[in-house]
Structures are given as structure tokens and as C-alpha cells.
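Before any comments, here is the structure.
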There are 2 protein chains.
Amino acid sequence: MDLTEHIAAIPLFEGLPDPQIEELTDIVVDQTFKRGQSIFSDGDPATGFYVVVNGKVKIYKSSPDGKEQILHIFGAGEAFGEVPMFAGGHFPANADTLEQTRLFFFPRAGFVDLIKQEPMLAMNMLGALSRRLRMLAALVDNLSLKEVPGRLAAYILHVSEADDSPDVVELAISKGQLASLLGTIPETLSRILAKMSSQGIMTVDGKKVSIIDRRKLAELAESGKLPT
Amino acid sequence: MDLTEHIAAIPLFEGLPDPQIEELTDIVVDQTFKRGQSIFSDGDPATGFYVVVNGKVKIYKSSPDGKEQILHIFGAGEAFGEVPMFAGGHFPANADTLEQTRLFFFPRAGFVDLIKQEPMLAMNMLGALSRRLRMLAALVDNLSLKEVPGRLAAYILHVSEADDSPDVVELAISKGQLASLLGTIPETLSRILAKMSSQGIMTVDGKKVSIIDRRKLAELAESGKLPT
DNA sequence: CGGGTACTTGACAATGGTCAAGTGTGGTGG
DNA sequence: CCACCACACTTGACCATTGTCAAGTACCCG
């Protein structure tokens with residue numbers, strides 16, 4: 001699979017005529033990062049945006065004392081770092097790889113012109129940003145209106161549903177990262193997993209979570225509380 | 001000031017050629033809401049989006065037991081409810097007026113076509129969504145990584161800076177709404193305002209907040225803690 | 001077979017939410 | 001013009017959730 005095919009396969013570029021795909025192929029920068037490397041940091045000036053070819057990237061905010069809140073985790077085919085192209089000019093958060101990751105970097109120069117010429121590209125971009133807004137709104141909802149057990153329940157259900165609702169789901173990320181995504185710390189997550197297991201809601205074995213009582217899980221996700 | 005002028009003055013439509021402005025004038029629906037009315041609810045199917053002519057609108061999520069988290073507050077000239085036009089099809093949150101408010105409603109039909117024809121409109125829309133993402137990312141950062149005093153400090157500074165940094169700022173919203181915006185409740189906000197006053201950081205008189213020690217406020221906003 | 005990282009568990013402290021009871025204050029109607 | 005009511009805000013006592021600090025265990029990678 002060569003560069004052009006890779007680029008044509010990116011959802012963001014779906015429906016783009018071939019000449020434009022070629023144009024993108026000319027400007028793309030192919031980069032590979034090792035696990036745990038920083039791609040950019042909050043406040044860095046942005047000179048373009050990225051698409052994940054393979055691997056995983058976390059977008060996160062961090063506080064002076066080292067705590068992190070993950071905003072998104074992006075996998076193959078997903079774009080990130082577009083916001084500064086349309087507002088600001090500097091990245092609004094940090095990006096690190098979670099594993100070895102291959103990225104396509106598209107320099108800003110010229111890309112904006114391409115959008116202006118290609119309504120399809122603009123629409124795809126609008127769709128991508130809109131979905132992202134939806135996700136962030138859901139995150140705020142969770143952080144602010146649910147307690148940790150509720151957030152965890154919602155997450156498990158979300159993963160299960162995204163995978164056609166099997167009762168056994170595999171966590172794609174480490175528990176430490178999951179804690180950061182849920183806005184808590186590993187200790188708390190660990191305790192809550194233990195409590196949910198002991199209450200017969202699910203079983204946990206490493207990264208494998210088996211849902212036993214989906215109804216109780218759903219209740220919990222609706223801001224219900226875990227009985228003591 | 002007639003409809004066309006109003007529409008031409010909306011930032012989202014900046015740079016649009018006159019014929020398109022006329023087109024918008026033909027499809028716009030002019031609506032007026034009283035204070036405290038619901039414009040749409042989380043999950044409602046969306047048939048278009050809105051622009052605030054005057055007044056104030058809060059966009060918020062709410063939990064089954066009635067708690068609310070405000071995501072945004074929009075004033076004159078700002079658009080909201082565009083997300084479902086590009087992703088989903090239903091609103092991702094609730095919208096209520098905070099005071100008597102006049103809105104322009106733009107039906108979805110035709111609007112998407114207009115975007116495809118007018119790169120300028122697409123760019124404006126991308127800018128609007130990008131700024132919104134930035135704001136939400138900042139909100140998540142605050143909710144997750146700062147305690148309430150820090151969030152309040154950041155809010156006060158933000159308002160002050162948006163107004164060219166005067167030392168006396170007027171709260172645009174009620175303290176109850178501010179509590180919801182900061183992800184807390186009126187009781188807690190009240191206590192923290194009292195504490196900050198007694199520590200000589202600022203004084204509060206109704207909706208008027210006078211910043212006394214801007215340095216301490218800035219420290220606090222950087223995730224510092226309020227000394228007991 | 002190390003050695004470090006990830007995870008778990010325990011005891012403790014504290015932020016902030018709940019419940020309850022005031023204290024204004026502005027708007028309305030008598 | 002004043003009384004009254006609703007509503008926004010404040011204050012106090014209490015307690016639940018969750019973060020902190022400190023060990024200890026399991027596990028993966030080299």
C-alpha cells in the first residue's frame with residue numbers, strides 16, 4: 001500500500017477527487033513515533049495537523065502538579081490538531097503517543113486553500129469537529145454530573161455498544177490511562193472495579209471485562225449510585 | 001434596522017456576498033422567547049440552528065435529579081445548535097433563555113447547500129466550531145484539574161481580561177448560574193466568595209466584583225489552592 | 001532472572017455536596 | 001405607598017466521595 005492509497009483511505013478525505021489526493025500526497029510528511037513520545041504540547045504554535053495511520057494518540061490537558069485529564073484518544077484514520085488551523089494558531093492541549101504510532105502530518109500552508117476549493121473536504125471537516133464537540137460535551141456531562149462509578153459504567157457500555165454489544169469487552173488502554181480519561185486516579189478506579197466485581201455487576205481479569213448485569217450497569221451510567 | 005442588516009451583521013455571515021444574505025433573509029425565522037424558556041432539549045431532533053440577536057442563552061447538560069452543568073452562554077451575534085447539522089441530527093444538550101431573547105432560526109434545509117457553495121461561510125463555521133472546542137477543552141481542564149476556587153479565579157480573570165482588565169467587573173449572570181457554569185452549587189460558590197473576600201483577594205457587592213489582589217487571583221487560577 | 005512499571009489495598013484527610021434554616025430584595029397587588 | 005411573596009443568596013452542621021500517602025504485589029520486557 002503506497003502513500004496515495006493510505007491518504008485516499010482517510011475518512012476526512014473521503015469523496016475528494018484524485019487530483020486533490022495527489023496534492024495531499026505531495027505535501028504530507030510521514031512520521032513515526034515511539035510509545036510515550038510527545039507530539040505537541042499545550043500552547044505550541046501549530047504549523048499543521050495530523051492523521052493517525054496506525055497506533056494511538058492521547059490528547060490531554062495537564063496541571064502544574066502533573067495530573068492529567070485525557071480529552072480524546074485517537075486511533076487509525078482519525079485526525080487531530082485541526083483546531084488551530086481555524087482558531088487561535090496554537091494547540092489547545094497536549095498530544096502524546098500511547099504506543100508506537102505512525103502519523104501523517106499535513107502542513108497548514110495550502111491546506112486551507114484546498115478546503116476553500118473543495119466543499120466536500122469542508123463538510124468532512126465540519127463533521128469531524130462536530131463529532132468532537134459532541135464527545136467533549138459528553139465528557140463534561142460525565143465529569144460534572146456523574147460520580148466515578150457512573151462514568152466507568154458509561155464507558156464500559158459505550159465500548160461494548162461500539163463493538164455490537166458483546167458481554168466481554170477488551171479495554172483498549174491501560175487502567176491508568178482509563179482513570180485519566182474518566183477524570184480520576186488509578187487508586188480510585190481500582191477500588192471501584194473491585195466493588196463492582198464484588199457486587200456481581202461484572203468481572204475483571206486484566207484488560208478483559210465481562211459484563212454480568214447489564215441492567216445494573218445501565219442504571220449506574222444514568223447517574224445512579226453504587227449501593228454501599 | 002431591518003432583517004437584512006441584522007443578518008449581514010452576524011459574524012458567522014461575515015464576508016458573504018449580498019445575494020446569499022438575501023437568501024438567508026428569505027428563510028430566516030424571527031423568534032422571541034421570554035426569560036427562562038426552553039429552546040430545545042438534549043436529544044431533540046434538530047431542524048436548523050439559531051443565532052442570538054439579543055438576550056442570553058445557556059447551553060447545558062442536566063442529570064436525572066435536576067443538577068445542571070452549563071457548557072456555554074451565548075449572547076448577541078453568536079450561533080448555537082449547529083452541531084447536529086453536521087453530525088448526529090439531534091441536539092447534544094439543552095438550551096434555555098436566561099432573559100428575554102430574540103433569536104434567528106435558520107432551517108437546515110438549504111443551509112448546508114449554501115455552505116457547500118460559499119467557502120467563506122464554511123470557513124467561518126469551522127472557526128466557530130474550533131473556538132467552541134477550545135472553550136470546552138478549557139472547561140474540562142477546569143472541572144477536572146482545578147478545585148472550585150481555582151475555577152472561580154480563572155473565571156473572574158477571564159471576564160476582567162475580556163473587558164481590558166479593569167479591577168471592577170460586573171457579573172453578567174446570576175450567582176446561581178455562575179455556580180452551574182463552574183460545575184458547583186450556589187452554596188459552595190457563596191462560601192468561596194466569602195472566603196476570598198475575607199482573605200483580601202477581592203470584594204463582592206451584589207454582582208460587582210472588585211479585584212484587590214490580582215497576583216493572588218492569578219496564582220489561584222493556576223491550580224493553586226486557597227490557604228485555609 | 002532482574003527491574004521497573006502497573007496495579008492493588010489500606011488508613012487518612014479534605015473538598016465539596018446535602019439538608020435545613022435564615023436573610024435579604026425586587027416585583028406585584030391591594 | 002406599603003405589605004407580602006417569591007426567589008436569590010447566605011450560613012451552619014454534617015457527611016459522602018474521592019484524593020493523598022504509603023506499602024505491598026503482580027507482571028511484562030529485556
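Quick note on labels: first sequence line is chain A, next is B, and so on, each numbered from 1. All heavy atoms count here, side chains included; hydrogens, waters and symmetry mates do not.
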- Under 4.0 Å between a Lys/Arg side-chain N and an Asp/Glu carboxylate O for B:Glu82 and B:Arg132?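 Here B:Glu82 pairs with B:Arg132 in a salt bridge, since their nearest N and O are under 4.0 Å apart.
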- Message: Between the side chains of A:Lys56 and A:Glu99, is the shortest nitrogen-to-carboxylate-oxygen separation below 4.0 Å, so that they form an ion pair?
- Response: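 Yes.
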Atom pair distance, as rounded to whole Å: [atom1] in [X] and [atom2] in [N]:
| X | N | atom1 | atom2 | answer |
| --- | --- | --- | --- | --- |
| B:Ile192 | C:dG16 | CD1 | C1' | 8 Å |
| A:Leu220 | D:dT17 | CG | P | 12 Å |
| B:Glu147 | C:dA13 | CD | C1' | 13 Å |
| A:Asn142 | D:dT18 | CG | C1' | 17 Å |
| B:Leu98 | D:dA8 | CG | C1' | 15 Å |
| A:Glu68 | D:dG19 | CD | C1' | 17 Å |
| A:Lys146 | C:dG16 | NZ | C1' | 20 Å |
| A:Asp65 | D:dG19 | CG | P | 13 Å |

- Query: What closest approach, in Å, do A:Ala87 and B:Ser130 show between heavy atoms, and which atom pair accounts for it?
  - Reply: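 That would be CB-CB, 3.7 Å.
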- Task: For each nucleotide in nucleotides 23-28 of chain C, reading 5' to 3', give B when a protein heavy atom comes within less than 4.0 Å of its base, S when such contact involves only the sugar-phosphate, and - otherwise.
- Result: ------
- Once base and sugar-phosphate atoms are separated, protein heavy atoms under 4.0 Å mark nucleotides 4-9 of chain C, 5' to 3', with B, S and - as --SSBB
- Query: Got a donor-acceptor contact below 3.5 angstrom from the B:Ser160 side chain to the B:Pro166 backbone?
  - Reply: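 Between the backbone of B:Pro166 and the side chain of B:Ser160 there is a qualifying donor-acceptor contact (under 3.5 Å).
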- Task: Determine the contact category for A:Gly36: base if any of its heavy atoms lies under 4.0 Å from a base atom, sugar-phosphate if only primed atoms, P, OP1 or OP2 are that close, otherwise nothing.
- Result: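 The residue A:Gly36 makes no contact with any strand.
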- Parallel, tilted or perpendicular, as decided by the 30° and 60° cut-offs, for the rings of A:Phe104 and A:His6: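 Perpendicular, since the angle between the ring planes exceeds 60°.
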- Task: Evaluate the ring planes of B:Phe91 and B:Tyr50, with Trp represented by its six-membered ring, and classify them as parallel (under 30°), tilted (30 to 60°) or perpendicular (over 60°).
- Result: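 Correct class here is tilted.
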- Task: May I have the step-by-step check of side-chain contact (heavy atoms from CB on, under 4.5 Å) for A:Arg214 and A:Leu157, ending in yes or no?
- Result: CA-CA 8 Å; A:Arg214 193 176 284 266; A:Leu157 286 173; 4.0 Å; yes
- Message: Determine whether the aromatic ring centres of residues A:Phe13 and A:Phe106 are separated by less than 6.0 angstrom.
- Response: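 Yes, the ring centres sit under 6.0 Å apart.
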- Message: Can you confirm whether B:Lys207 is buried at NZ, in the sense that more than 12 heavy atoms of other residues, nucleotides or ligands lie under 6.0 Å from that atom?
- Response: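 Enclosed: over 12 neighbouring heavy atoms sit under 6.0 Å from NZ of B:Lys207.
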- Think B:Lys67 has a side-chain N or O under 4.0 angstrom from the OP1 or OP2 of C:dG17?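 False: B:Lys67 side-chain N/O out of range (4.0 Å or more) of C:dG17 OP1/OP2.
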